[in-house]
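First up is the structure itself, then whatever we jot down about it.
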Amino acid sequence: VLLAPLTVTSERMPRMLNQRLERRGYYERKERFGDEGMGFGKFLEKEEIGRYVPSKVTDILQTIPGVQVRGESVSMRRGCTPAIFLDGVRWRMGSVSLNDIISISSVVAIEVYKGSVMPAQYMHFSEQGGIPCGAIAVWTGI
């Protein structure tokens, strides 16, 4: 049986996946919580980060609406401190700042959740009344 020719078109180019981010669920979270999903998360990858020509991690964070950077301190719109995750591990800011421990050249992706809707692994309760504040996950190529 002879069939008519079939033409396949794609609406977007297939993305080149970072295998480490794929294994850690980054792309799944991006699809679910990013602009194409629920819209509660902001996702930046190396190429987009490079467009800003940042010299440090907080240079990128301050470009995200709802994230406030004052010196080395990062907070969300309500003035609360978000949970910070470095390569999937919770990091508590103390006397060492985010810029001190992460070189911008090693960052391959950043996830930012500004409210209480976020993946369960990033859920935390703030010291300012126990209300979930948000989360920032920084992924490096290390």
Side-chain angles (χ1 to χ4, degrees), residues 3-142:
L3 299 175
L6 178 65
T7 303
V8 177
T9 57
S10 174
E11 291 184 23
R12 58 183 156 159
M13 297 290 291
R15 62 181 176 204
M16 297 298 294
L17 301 180
N18 177 306
Q19 296 302 313
R20 185 163 181 256
L21 293 176
E22 176 72 25
R23 284 191 309 273
R24 300 302 297 268
Y26 172 86
Y27 297 109
E28 187 177 307
R29 288 188 303 278
K30 183 177 179 180
E31 187 174 306
R32 183 169 181 210
F33 292 95
D35 290 337
E36 295 177 13
M38 293 186 276
F40 291 108
K42 175 71 174 169
F43 294 79
L44 300 168
E45 293 169 33
K46 188 133 185 112
E47 183 178 298
E48 188 173 359
I49 291 169
R51 288 186 198 134
Y52 292 101
V53 193
S55 62
K56 53 191 176 188
V57 175
T58 53
D59 290 346
I60 292 299
L61 295 178
Q62 69 185 5
T63 68
I64 299 171
V67 176
Q68 299 170 340
V69 177
R70 288 187 184 95
E72 299 289 317
S73 175
V74 179
S75 63
M76 293 299 185
R77 201 172 276 150
R78 297 173 293 191
C80 61
T81 304
I84 305 287
F85 294 84
L86 176 57
D87 292 325
V89 177
R90 174 93 188 263
W91 179 69
R92 297 192 188 276
M93 293 200 297
S95 60
V96 178
S97 77
L98 194 58
N99 293 325
D100 291 335
I101 64 163
I102 305 169
S103 164
I104 191 62
S105 63
S106 67
V107 175
V108 295
I110 297 175
E111 301 174 55
V112 177
Y113 302 93
K114 296 178 279 189
S116 59
V117 179
M118 66 187 81
Q121 69 262 35
Y122 298 147
M123 185 63 71
H124 77 291
F125 296 97
S126 70
E127 289 93 32
Q128 298 95 341
I131 300 167
C133 177
I136 297 172
V138 179
W139 297 94
T140 67
I142 298 171

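All residue numbers in this chain count up from 1 along the given sequence.
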Please report the interatomic distance [atom1]([X]) to [atom2]([Y]), rounded to the nearest 0.5 Å.
X: Glu28; Y: Glu22; atom1: CD; atom2: CD; value: 8.5 Å
X: Glu45; Y: Tyr27; atom1: CD; atom2: OH; value: 4.5 Å
X: Trp139; Y: Tyr26; atom1: CH2; atom2: OH; value: 10.0 Å
X: Ile49; Y: Ile110; atom1: CD1; atom2: CD1; value: 4.0 Å
X: Thr58; Y: Ile136; atom1: OG1; atom2: CD1; value: 10.0 Å

Could you check whether any side-chain N or O of [X] sits under 3.5 Å from a backbone N or O of [Y], counting only pairs where one atom can act as donor and the other as acceptor?
X: Asn99; Y: Glu72; value: no
X: Lys30; Y: Gly37; value: no
X: Arg29; Y: Arg24; value: yes
X: Ser73; Y: Arg70; value: no

task = Flag the pair Arg20 and Asp87 as a salt bridge only when some basic side-chain nitrogen lies within less than 4.0 angstrom of an acidic carboxylate oxygen.
result =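 Counted as a salt bridge, because a side-chain N and a carboxylate O are separated by less than 4.0 Å.
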request  = Please work out whether the ring planes of Tyr122 and Tyr113 are parallel, tilted or perpendicular, with thresholds of 30° and 60°.
outcome  = tilted
Contact between [X] and [Y] at the side-chain level, heavy atoms closer than 4.5 Å - yes or no?
X: Val107; Y: Leu44; result: no
X: Ile104; Y: Asp59; result: no
X: Met76; Y: Val67; result: yes
X: Glu31; Y: Glu36; result: no

Which atoms form the tightest heavy-atom contact between [X] and [Y], and what is the distance?
X: Ala135; Y: Met118; value: CB-SD, 4.0 Å
X: Pro82; Y: Cys133; value: N-SG, 3.9 Å
X: Phe43; Y: Glu48; value: O-OE1, 3.9 Å
X: Lys46; Y: Ser105; value: NZ-O, 2.9 Å

query = By side chain to side chain donor-acceptor pair (under 3.5 Å), which residues pair with Thr63, not counting sequence neighbours?
reply = none
key: Test log, rule side-chain contact (heavy atoms from CB on, under 4.5 Å), inputs Trp91 and Ile101   = CA-CA 10 Å; Trp91 179 69; Ile101 64 163; 3.4 Å; yes
Non-neighbouring partners of Arg51 that pass salt bridge (charged side-chain N to carboxylate O under 4.0 Å, His left out), sequence neighbours left out =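 Result, salt bridge (charged side-chain N to carboxylate O under 4.0 Å, His left out) vs Arg51: Glu47.
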